[in-house]
Structures are given as structure tokens and as C-alpha cells.
Engineer: 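Got a structure here, written out as C-alpha cells. Questions coming.
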Amino acid sequence: MVGTREGRPRVREYRAPLWLWVIVMVFFGSFGVAVLGPASEEGMPVAAMVLAVSVVPLVFVLFVGFCLNRTVVDEDHVAVRRVFRTRRTAWRDIQGIEIEGDPAAVAEGRQPTGTVVVHHRDGRRIALPYLYDRPGLPVHQEVMAMRATWERRRGDDWTPLSEAEAAAAKAETEARTRRDRPWRQPGPGV
């Protein structure tokens, strides 16, 4: 249990690892010192000063992103929290929880080799941030725990969609994506 919210215990919470934030701070901090160090000298170009001052809000936005972005598996839903939006998916609306592998990552020996996705009733595929196969996180055990919570909390009247309903929901979601996000269209020959 990570904490409580509104009196309900959270089952699991997945965030960015702390070492990632440290690397970002060291990188941008050293960049800021390198640029702002000569700022005390006269004759610093205005463009360099603007660049140096713009680093502070960028680091702040990155910090807020690291603090807010997470996946929360609650007794009532799975929540994907981003900086400006939280998407909650009730257990009864989930059609499946899977680990999707990344063959290129496996072949190249890099991490993550797979990510966890939730398939929504309306055909959407929702990737869960920070819940992926990496050293120190037995993702298969986490997914088994999520599936157990899903099976327990989805309700007695839950039924999986038929293949026709699932295909229709997926086609509708793809059409909505093409209409709402034309920049996400596959290129020619794809």
C-alpha cells in the first residue's frame, strides 16, 4: 500500500524512478551553471541570457511531470495520471490486461522489453506509464496482481465483448483517432 486517498487504500502505484530525476537535474543543473556562470561578466549576449533564463521553467515543468506522471491501480479503477489530465478506467470497462513485448528491445538487449497495456471496452489501448519490464520490478507478478484485482472488482454481470463487438469498437476508435488526430496517420506504404 502506497497511501490512501479519500479513505480508500491504493493497491499499487508506479512512478518514474528517482535516479531518472537525478540525471535530469544533474544535466540541466550543469547546463545552467555553465551558461549562467559567465552571466556575471559584462557583454553576455542577450540570446545566451534568454536561453539561460528559459532553463529554469523547463526544469520546473520536468519536475512537475516527474512528480505527477504515474499509474495508480486502485480498488475501483486504473488511473493514468499525466501533467494535465488523469484518465480513470473502471474495472468493468476493461476487456483485458496484457504485457506487450518489444522484439527490437529484446534483440538489442535494452530495457524495457515490454510494457503493460489495458484494453478498454470501447477499443482503446491504454499504455500504463512506468509499469514495464525492468530490473527490480517483476512485471509479470504485477500484472498477475492487477488481473486478480480486475477479476474481483469488475462485477458479477461483466461479460467480455464478442469478437464482432470488439472489432466494431476498435474500428470506431481508429476512425475517431484519424478524425481527431490527423497527424497520427501512418505514412504511405505502412
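FYI, side chains are in, hydrogens and waters are out, and symmetry mates aren't considered; it's all heavy atoms of this structure.
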Engineer: State, to 0.1 Å, how close P129 and A127 come at their nearest heavy-atom pair, and which atoms those are.
Structural biologist: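 Closest pair (atom of P129, atom of A127, distance): CD-O, 3.4 Å.
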
Engineer: List in chain and number order the residues that pass side chain to side chain donor-acceptor pair (under 3.5 Å) with E151, two or more places apart in sequence or in another chain; answer none if no residue qualifies.
Structural biologist: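 In terms of side chain to side chain donor-acceptor pair (under 3.5 Å), with neighbours along the sequence ignored, E151 is linked to no residue.
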
Engineer: Please walk me through it: do Y14 and L128 pass side-chain contact (heavy atoms from CB on, under 4.5 Å)?
Structural biologist: CA-CA 9 Å; Y14 307 94; L128 304 180; over 6 Å; no

Engineer: The criterion is side chain to side chain donor-acceptor pair (under 3.5 Å); which residues satisfy it with H120, sequence neighbours excluded?
Structural biologist: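 H120 satisfies side chain to side chain donor-acceptor pair (under 3.5 Å) with D122, R124 only.
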
Engineer: Should V72 and R81 be marked as a side-chain contact (heavy atoms from CB on, under 4.5 Å) after you check the CA-CA gap, both sets of side-chain angles, and the distance that decides it?
Structural biologist: CA-CA 8 Å; V72 177; R81 181 165 183 167; 5.7 Å; no

Engineer: What distance do R82 atom CZ and T71 atom OG1 have between them, rounded to the nearest 0.5 Å?
Structural biologist: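 If we round to the nearest 0.5 Å, R82:CZ and T71:OG1 are 7.5 Å apart.
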
Engineer: Which side-chain N or O atoms in residues 158-169 pair as donor and acceptor under 3.5 Å with protein atoms at least two apart or in another chain?
Structural biologist:
unit_1: W158; atom_1: NE1; unit_2: R92; atom_2: O; d: 3.2
unit_1: W158; atom_1: NE1; unit_2: I94; atom_2: O; d: 3.3
unit_1: S162; atom_1: OG; unit_2: E165; atom_2: N; d: 3.2
unit_1: S162; atom_1: OG; unit_2: E165; atom_2: OE1; d: 3.4
unit_1: E165; atom_1: OE1; unit_2: S162; atom_2: N; d: 3.0

Engineer: Indicate, with yes or no, if V78 and V117 share a hydrophobic cluster defined by side-chain heavy-atom contacts under 4.5 Å among Ile, Leu, Val, Met, Phe, Trp and Tyr.
Structural biologist: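 No.
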
Engineer: Just verifying a value: how many Å separate H119 NE2 and I126 CD1, rounded to the nearest 0.5 Å?
Structural biologist: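 That separation rounds to 10.0 Å.
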
Engineer: Give, for atom OG1 of T86 and atom CZ of R70, the distance between the pair rounded to the nearest 0.5 Å.
Structural biologist: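 One gets 9.0 Å once the value is rounded to the nearest 0.5 Å.
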
Engineer: What residues form a salt bridge (charged side-chain N to carboxylate O under 4.0 Å, His left out) with R125, not counting sequence neighbours?
Structural biologist: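 With sequence neighbours excluded, R125 shows a salt bridge (charged side-chain N to carboxylate O under 4.0 Å, His left out) to E100, given in chain and number order.
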
Engineer: Shortest non-hydrogen contact from L68 to V83?
Structural biologist: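 Taking every non-hydrogen atom into account, CD1-O, 3.9 Å.
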
Engineer: Can a donor-acceptor pair be found, under 3.5 Å and without considering hydrogens, that links the side chain of W91 to the backbone of E75?
Structural biologist: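 Yes.
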
Engineer: Any sub-3.5 Å donor-acceptor pair from R87's side-chain atoms to V80's backbone N or O?
Structural biologist: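 The answer is no, because no donor-acceptor pair under 3.5 Å joins these two groups.
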
Engineer: Go through the structure and list residues passing side chain to side chain donor-acceptor pair (under 3.5 Å) with N69, not counting sequence neighbours.
Structural biologist: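 Scan of N69 (side chain to side chain donor-acceptor pair (under 3.5 Å), adjacent residues dropped) gives none.
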
Engineer: Between L131 and M146, does the side-chain contact (heavy atoms from CB on, under 4.5 Å) criterion hold? Intermediate values first, please.
Structural biologist: CA-CA 11 Å; L131 183 55; M146 282 181 67; 3.6 Å; yes

